[in-house]
Amino acid sequence: QKEVEQDPGPLSVPEGAIVSLNCTYSNSAFQYFMWYRQYSRKGPELLMYTYSSGNKEDGRFTAQVDKSSKYISLFIRDSQPSDSATYLCAMRDYGQNFVFGPGTRLSVLP
Amino acid sequence: NAGVTQTPKFQVLKTGQSMTLQCAQDMNHNSMYWYRQDPGMGLRLIYYSASEGTTDKGEVPNGYNVSRLNKREFSLRLESAAPSQTSVYFCASSLLAGGLTDTQYFGPGTRLTVL
């Protein structure tokens with residue numbers, strides 16, 4: 001079993017839809033959780049960072065962490081064609097063990 | 001403020017050739033990283049440097065060497081390139097590896113093809 005699992009997609013939604021992206025993990029030592037967005041042929045860019053269970057909101061984006069279930073989610077409200085990208089979850093423990101999920105490819109259709 | 005820069009953007013090598021990928025950051029970060037990204041595999045850590053003067057192996061270090069030239073620069077060297085090293089290489093930096101708010105910032109990547 002991989003440390004971090006993520007559905008690769010592709011996920012296609014119409015403009016304006018609510019998008020839910022998810023990751024599961026097996027290592028209970030992970031304490032810090034991130035979501036990155038990666039446009040085609042570009043480097044990943046940090047979207048959200050959280051280190052506690054619960055929700056964190058930033059504009060149209062909400063990151064949700066459930067440590068008891070080892071499950072994290074990213075919700076995108078009012079999705080736009082410009083949100084079309086690959087979304088990577090990432091997590092690390094108290095040290096330097098940084099692990100990325102394989103990414104979910106999202107297409108938002110106008 | 002350019003963030004993390006990488007050179008070259010593209011490179012084609014023949015099997016057995018050597019090359020060095022360059023990375024520089026201007027954010028005064030202490031830690032720097034090299035990853036490779038392959039389809040379906042996600043980002044895999046090759047080497048990292050927690051601070052100037054130190055380097056450590058990541059998940060997939062075989063066939064690579066690194067040099068932390070100074071606080072700003074971290075290079076990745078392929079001594080004898082193999083087709084299995086065809087990939088997209090990303091450099092990243094963070095303020096302080098393992099710190100409470102440690103998050104990584106990425107460069108634009110180098111697309112390497114080994115024939």
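In the text below, chain A, chain B and the rest are named by the order of the sequence lines, each starting its count at 1. In what follows, every heavy atom counts, from backbone to side chain, and hydrogens, waters and symmetry copies are set aside.
- With a threshold of 4.5 angstrom between heavy atoms, A/Q6 does not approach chain B through any atom at all.
- Heavy atoms of A/P44 lying under 4.5 Å from chain B belong to its backbone as well as its side chain.
- How far CD of B/E59 is from CD of A/E3: 8.5 Å, rounded to the nearest 0.5 Å.
- Heavy-atom neighbours of chain B within the stretch residues 55-68 of chain A, taken at a separation under 4.5 angstrom, are nonexistent.
- Hydrophobic cluster membership differs between A/F75 and A/Y49, with clusters built from Ile, Leu, Val, Met, Phe, Trp and Tyr side chains linked at under 4.5 angstrom.
- Note: A/K42 NZ to B/F106 CZ = 16.0 Å, rounded to the nearest 0.5 Å.
- The contact list for residues 98-110 of chain A toward chain B, using heavy atoms and a distance under 4.5 Å, reads A/F98, A/F100, A/G101, A/P102 by residue number.
- Only the side chain of B/R111 comes within contact range of chain A, judged by heavy atoms closer than 4.5 Å.
- Two different hydrophobic clusters hold A/I18 and A/L47 under the rule that ILVMFWY side chains link at heavy-atom gaps under 4.5 Å.
- Under the 4.5 Å side-chain heavy-atom criterion for Ile, Leu, Val, Met, Phe, Trp and Tyr, A/L88 and A/Y51 are members of the same hydrophobic cluster.
- Clustering ILVMFWY residues whenever any of their side-chain heavy atoms sit less than 4.5 angstrom apart, transitively, puts B/Y33 in the very cluster that holds A/L46.
- Sequence neighbours left out, the pairs with a member in residues 16-40 of chain A that pass salt bridge (Lys or Arg N to Asp or Glu O under 4.0 Å) are A/R37-A/E45.
- Grouped with B/M32 in one hydrophobic cluster are B/L13, B/M19, B/L21, B/W34, B/I46, B/Y47, B/V60, B/Y64, B/V66, B/F74, B/L76, B/L78, B/Y89, B/L112, B/V114, the linkage being side-chain heavy-atom contacts under 4.5 Å among Ile, Leu, Val, Met, Phe, Trp and Tyr residues.
- To the nearest 0.5 Å, atoms OG1 (B/T103) and CE (A/M48) are separated by 13.0 Å.
- For a residue to count as touching a neighbouring chain, one of its non-hydrogen atoms must lie under 4.5 Å from one of that chain's; by this rule B/L45 does not touch chain A.
- A side-chain donor-acceptor contact under 3.5 Å links A/Y36 to the backbone of B/Q104.
- Hydrophobic clustering keeps A/Y71 apart from A/F33 (ILVMFWY residues linked when any side-chain heavy atoms are closer than 4.5 Å, directly or through intermediates).
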